[in-house]
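Written out below as structure tokens is the structure these notes cover.
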Amino acid sequence: MNRTRRRSAVLAAVLTAGLVLGGCAGSGNDTAADHRKPAPRLPGGGRTAAPAPADGRTAGQGEGQGEGRSADAPEGEQRAPGPAPDYLSTFALDVDTASYGYARRSLAEGRLPEPSTVRPEEFVNSFRPDYPRPADDGFSVTVDGAATGADGWSLVRVGLATRDADRDGERPPAALTFVVDVSGSMGETGRLDLVQHSLRLAADGLRDDDSIALVAFSDEAETLLPMTRLGDARGRVREAVDALAVRSSTNLEAGLSTGYDVAAAGHRKGAVNRVVLLSDALANTGETAADALLSRIEGQRREHGITLFGVGVGSEYGDELMERLADRGDGQTTYISTRDQARKVFVDQLPVQVEPRARDAKAQVAFDRETVERFRLIGYENREVADEDFRDDRVDGGEIGAGHTVTALYAVKTRPGASGRIATATVRWLDPESRAPSERSGTVGTQALGARLWDAGHDSLQLSAISAYFAEELRGGSLPGAPRLAELAAYADAIRGRSGSAVVGELAEAVRQADRLIGERPREEGEFRSSDPYA
């Protein structure tokens, strides 16, 4: 979709803590959508009608709805045949939230974030809807939606959730290698001092049988602490953290190379082995090209199963590089700028989310051509997967941990008078240990889209919509039925009033700040907003 990027962007906070709100009506089941050759795309993200299946049948002909394993299913994989998908959308799952956090930091300082740093899915996934949780280690699938008020347009939400971690229950031990940027730029208040505070919290919150290593880097990298069982070594960890001091330039290549070497040397079989990079990601020495850094991570990930968790800090922050590193490292990113946010990440989340629930997780949504005229996935552009690769388990997906939720929003235009199924959403993942594939699906029909989005009782869906509309405005786009920023802020205020959620209040304030800053910005010559959301 080609658009003139007209507006700078403003963003809002890091919401790594989740909000639990009631969801809209939706349905989920344990059947999987069948897979067909992808249809050509329509301009703006929709697709034309899918081609007929290769066996000569009319799409959907002769396909039942019963439970069972289809003829082409891999051995041991339970999959039920269903209606042939007409339009397909496929993407790797993502639980990053750094884009929202960094945008909120920018906004608090009175400046608009660059549109290229705004990723709508990270805004949406900064909040945690109360999707049903599965009893097993797979996913629940919830699909719901509502009409936006624009002619024929609705929002369809696909919600995925994993089982919460039991803080007092069994989990594998963690082997975490913290790689800390101590370059000159980290001397700014709210960078290295915040990182040190975060590491102290992590050392206090992890278990005795967990292990920690510490690597510091500036122009060179130094191992301050080899992989060490915490046990009674917490004092040594604190001493190493306290010794961190700002030095010179930023050689991210040296930091990552040494960090992964230390992680590989201290690799613990049966443990969750992870590199945690804490940096402003402003590399200026050594190899700074993303592709070369990424190839290093890719090799270590495949050889040792070591994943990457990127924690961004600083008012100037290399958002794109950190996000690409985490994607290639089969991990995730977040952004912190306050001690409260550090506590949410390193106390509330890190100790209980080290256990992976799924590896190489992907989602595919099949829209029905009889009811759907056009559709568009909001965000996930850099997580797109070829439709034919959905069931190719050699193709990288996302790693999802305990207690995670993943939300994808679609703008969907239905055909006039259409009735019936709108879409079937299927998630596919590999077991973290056996790498056996599994799938689970959910569906939604036109009856679920009868209510309007902003009617009472839809707080959870409204919050997802506010986040997506806000992000799209910040990156210079438009969506059908999008309210103005002042209206979005009012909707968020109303949700906060009903829920008492402070994080929703922070979202409302961020939207208001964005509205003020955009209103103050002189309009460039020739700038306009098209009435066509796909112009």
Side-chain angles (χ1 to χ4, degrees), residues 11-19 93-108 113 117-128 162 165 174 176-181 186 190-192 194-199 201-202 205-206 272 274-282 297 307-354 356 379 382-383 398-407 467 471 503 506-507 510:
L11 221 348
V14 80
L15 277 181
T16 6
L19 168 70
L93 301 195
D94 191 353
V95 292
D96 293 352
T97 59
S99 175
Y100 177 61
Y102 183 48
R104 185 174 170 225
R105 165 72 179 264
S106 299
L107 178 60
T117 69
V118 178
R119 295 180 291 277
E121 69 275 16
E122 297 187 25
F123 279 54
V124 174
N125 284 322
S126 292
F127 302 86
R128 296 175 63 192
T162 58
L176 306 177
T177 302
F178 292 98
V179 178
V180 180
D181 185 348
M186 292 292 287
R191 297 196 190 194
L192 184 56
L194 183 59
V195 166
Q196 289 175 299
H197 176 72
S198 300
L199 293 175
L201 292 174
L206 291 167
V272 177
R274 181 164 296 167
V275 168
V276 182
L277 174 63
L278 301 104
S279 174
D280 57 16
L282 300 175
I297 290 175
T307 58
L308 179 68
F309 180 33
V311 181
V313 295
S315 56
E316 293 181 72
Y317 167 55
D319 167 82
E320 181 181 0
L321 176 57
M322 182 73 89
E323 198 257 348
R324 290 183 65 193
L325 290 171
D327 282 351
R328 184 67 66 90
D330 224 6
Q332 64 188 90
T333 65
T334 191
Y335 177 89
I336 58 174
S337 60
T338 68
R339 290 196 169 200
D340 284 345
Q341 292 165 0
R343 175 167 290 277
K344 290 174 183 177
V345 172
F346 288 92
V347 176
D348 297 340
Q349 296 176 356
L350 184 63
V352 298
Q353 292 182 352
V354 293
N382 63 353
R383 302 295 282 162
E399 182 188 70
I400 307 298
H404 278 148
T405 62
V406 180
T407 298
S467 305
V503 293
E506 292 168 351
L507 173 63

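Atoms considered below: every heavy atom in the structure, side chains included; atoms not considered: hydrogens, waters and symmetry mates.
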For this session: Check salt bridge (Lys or Arg N to Asp or Glu O under 4.0 Å) between Arg274 and all other residues, then give those that pass, not counting sequence neighbours.
Result: Glu399
For this session: Check whether any side-chain heavy atom of Glu316 lies under 4.5 Å from a side-chain heavy atom of Arg191, and answer yes or no.
Result: yes
For this session: Using atom types as modelled and distance alone, determine if a side-chain donor or acceptor of Asn125 lies under 3.5 Å from a backbone N or O of Asp94.
Result: yes
Exercise. Just by distance, do the side chain of Ser99 and the backbone of Thr117 share a donor-acceptor pair under 3.5 Å?
Worked result: yes
Exercise. Going by heavy atoms in the side chains, are Val180 and Leu192 under 4.5 Å from each other?
Worked result: yes
Exercise. For Phe346, which residues count as a ring pair (Phe, Tyr, Trp, His ring centres under 6.0 Å) partner, sequence neighbours excluded?
Worked result: none
Seminar exercise, completed: Those residues at least two apart in sequence (or on a different chain) that pass side-chain hydrogen bond (donor to acceptor under 3.5 Å, both in side chains) with Asp319 are Arg119
Exercise. Does the Thr162 side chain pair with the main chain of Gly403, one donor and one acceptor, at a distance under 3.5 Å?
Worked result: yes
Problem set entry | Side chains of Leu278 and Leu194 in contact at under 4.5 Å (non-hydrogen atoms) | no
For this session: Indicate yes or no: at least one non-hydrogen side-chain atom of Leu507 is less than 4.5 angstrom from one of Val503.
Result: no
For this session: Report the residues that fulfil side-chain contact (heavy atoms from CB on, under 4.5 Å) with Arg343, sequence neighbours left out, ordered by chain and then residue number.
Result: Leu201, Val347
Seminar exercise, completed: dist Gln332:CD -> Glu122:CD (nearest 0.5 Å) comes out at 10.5 Å
For this session: Mind listing the closest non-hydrogen atom pair of Phe127 and Ser467 along with its distance?
Result: CE1-OG, 3.4 Å
Exercise. So, Thr97 versus Thr334: side-chain donor-acceptor pair below 3.5 Å or not?
Worked result: yes
Exercise. For the residue pair Gly398 and Arg383, what are the closest heavy atoms and their distance?
Worked result: CA-NH2, 3.7 Å
For this session: For Gly318 and Leu282, work out which heavy atoms get closest and say how close.
Result: N-CD2, 3.6 Å
Problem set entry | Shortest non-hydrogen contact from Asp348 toward Lys344 | CB-O, 3.2 Å
For this session: To the nearest 0.5 angstrom, please state how far the OG1 atom of Thr177 sits from the CG atom of Leu277.
Result: 11.5 Å
Exercise. Which heavy-atom pair separates Ala202 from Leu350 by the least distance, and what is that distance?
Worked result: CB-CD2, 4.3 Å
Seminar exercise, completed: Minimal heavy-atom distance between Ala281 and Leu321, with the atoms involved, is O-CD2, 4.0 Å
Seminar exercise, completed: With sequence neighbours left out, the residues meeting side-chain hydrogen bond (donor to acceptor under 3.5 Å, both in side chains) with Ser198 are none
Problem set entry | Close side-chain approach of Asn382 and Glu121, heavy atoms under 4.5 Å | yes
Exercise. Would you call Thr333 and Tyr102 a side-chain contact if the rule is heavy atoms closer than 4.5 Å?
Worked result: no
Exercise. Roughly how far, to the nearest 0.5 Å, is OH of Tyr335 from OG of Ser106?
Worked result: 7.0 Å
Seminar exercise, completed: Residue set satisfying side-chain contact (heavy atoms from CB on, under 4.5 Å) with Glu320, at least two apart, ordered chain then number -> Arg324
